[in-house]
Amino acid sequence: NLSEDKKSQLKDINSQIASLSNEFGKKLLDASKKGGVVVSDKEKLKGFSEEKIKSLEKDGAYEIQLINTTQQPSLQTLENREIREELFNKSIHRADEDEYNTSDLVQKMVALRAKKAQILGFDNYASWSLQGTMAATPAKVFEMFDGLIPGSLEK
């Protein structure tokens, strides 16, 4: 149903989104590789098994690498609050600064996705991306969350 001009715009937008997504992934991976916590005192690794501690040894210290984008499994077992806090902060801020900053990439992707949705006749990207899913619309997603939140707060 799209005109040739709209198809061309959509193709260009999809290409830009793919390129930006690849760049985002690379920056995030690089930030994760370089963003770990280095600990010089083995006592600060209390809660880890000896095997785990041995696996972290690097150049006379111990390096806890960042693993996931949302949570670090080491936070569950480390007993030292300062090390847990440093690991958590490095994890959530890994792509905030310097050459790893992804803010501009995210803003560009959001703008392109909004434009894509508009070309396809949707109010926003969420409306387009929820097609064919159980939720179907952003309103249904919020309705589901509204039903979950009270129950989770009771616990």
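Heads up: numbering here begins at 1 and tracks the sequence.
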Query raised in the report: Ser55 side chain to Lys52 main-chain N or O, any donor-acceptor pair under 3.5 Å?
Result: yes
Query raised in the report: Taking atom CD of Glu63 as the centre, does the number of heavy atoms from other residues, nucleotides or ligands within less than 6.0 Å exceed 12?
Result: yes
**Report entry** Approximate separation, where rounding is to 0.5 Å, of Leu45 CG and Thr77 OG1
**Finding:** 9.5 Å
Query raised in the report: Is there a donor-acceptor contact under 3.5 Å linking the side chains of Asn80 and Lys46?
Result: no
Query - Spatial distance of atom NZ (Lys116) from atom CD (Gln118) [nearest 0.5 Å] - result: 14.0 Å
Query raised in the report: Got a second to check how far Leu75's CG is from Glu85's CD, nearest 0.5 Å?
Result: 11.0 Å
Requested in this report: Indicate the atoms forming the closest heavy-atom contact of His93 with Asp96, along with that distance.
Outcome: ND1-OD2, 2.5 Å
Query raised in the report: Does a side-chain heavy-atom distance below 4.5 Å link Lys42 with Glu50?
Result: yes
Query raised in the report: Linking I/L/V/M/F/W/Y whenever their side-chain heavy atoms sit closer than 4.5 Å, directly or via other members, would Tyr100 and Leu29 fall into one cluster?
Result: no
Report task. Can you measure from CD1 (Ile119) to CD (Gln9) and round to the nearest 0.5 angstrom? Result -> 4.5 Å
Query raised in the report: Within the distance-only criterion (no hydrogens, no angle test), does the side chain of Arg84 pair as donor or acceptor with the backbone N or O of Leu78 below 3.5 angstrom?
Result: yes
Report task. May I ask you to check whether Ser103 and Asn101 show a side-chain donor-acceptor distance below 3.5 Å? Result -> yes
**Report entry** Chi angles and distances behind the side-chain contact (heavy atoms from CB on, under 4.5 Å) call for Phe48, Ser74
**Finding:** CA-CA 8 Å; Phe48 281 163; Ser74 296; 3.4 Å; yes
**Report entry** Modelled atom types, side-chain donor and acceptor of Ser127 and Asn124, under 3.5 Å
**Finding:** yes
Query - Euclidean distance, Gln131 CD relative to Thr133 OG1, rounded to 0.5 Å - result: 9.0 Å
Query raised in the report: In the single-linkage hydrophobic clustering (I, L, V, M, F, W, Y; side-chain heavy atoms under 4.5 Å), do Val110 and Phe24 co-cluster?
Result: yes
Report summary line: So OG of Ser32 and NZ of Lys34: to nearest 0.5 Å the spacing works out to 11.0 Å
Query raised in the report: Is it the case that more than 12 heavy atoms not belonging to Glu99 sit under 6.0 Å from its CD atom?
Result: yes
Report task. Please say whether more than 12 non-hydrogen atoms of neighbouring residues, nucleotides or ligands are located less than 6.0 Å from NZ in Lys90. Result -> yes
Requested in this report: Mark yes when over 12 heavy atoms from residues, nucleotides or ligands other than Phe88 sit less than 6.0 Å from its CZ; otherwise mark no.
Outcome: no
Query raised in the report: So Lys108 and Asp104, salt bridge (charged side-chain N to carboxylate O under 4.0 Å, His left out) or not? Walk me through it.
Result: CA-CA 6 Å; Lys108 288 175 186 175; Asp104 287 344; 5.9 Å; no
Query raised in the report: Quick check: are there more than 12 heavy atoms from other residues, nucleotides or ligands sitting under 6.0 Å from NZ of Lys27?
Result: yes
Report summary line: On a heavy-atom basis, the closest approach of Gly47 and Glu79 is CA-OE2, 3.7 Å
Report task. Establish whether Trp128 and Met134 are linked, either directly or via other cluster members, by ILVMFWY side-chain heavy-atom contacts under 4.5 Å. Result -> no
Query raised in the report: Do Leu56 and Val39 have side chains that get closer than 4.5 Å, going by heavy atoms?
Result: no
**Report entry** Minimum heavy-atom distance Leu130-Ala135, with the two atoms named
**Finding:** CD2-CB, 4.4 Å
Query raised in the report: Can you name the one residue among Ile17, Asp12, Asn14 that meets side-chain contact (heavy atoms from CB on, under 4.5 Å) with Leu112?
Result: Ile17
Requested in this report: Indicate, with yes or no, if Phe142 and Phe122 share a hydrophobic cluster defined by side-chain heavy-atom contacts under 4.5 Å among Ile, Leu, Val, Met, Phe, Trp and Tyr.
Outcome: no
Report task. Determine, stepwise, if the pair Glu4 / Lys7 fulfils side-chain contact (heavy atoms from CB on, under 4.5 Å). Result -> CA-CA 5 Å; Glu4 289 304 315; Lys7 286 180 186 178; 3.7 Å; yes
Query raised in the report: Stepwise, does the side-chain contact (heavy atoms from CB on, under 4.5 Å) test hold for Val38 with Asp59?
Result: CA-CA 10 Å; Val38 177; Asp59 301 325; over 6 Å; no
Report task. Please name the pair of heavy atoms, one in Ala61 and one in Ser40, separated by the smallest distance, quoted to 0.1 Å. Result -> CB-CA, 4.4 Å
Query raised in the report: Does a sphere of radius 6.0 Å around CD in Glu51 hold more than 12 heavy atoms from other residues, nucleotides or ligands, not counting ones at 6.0 Å or beyond?
Result: no
Query raised in the report: Does Arg94 reach the main-chain N or O of Ser91 with its side chain, forming a donor-acceptor pair under 3.5 Å?
Result: yes
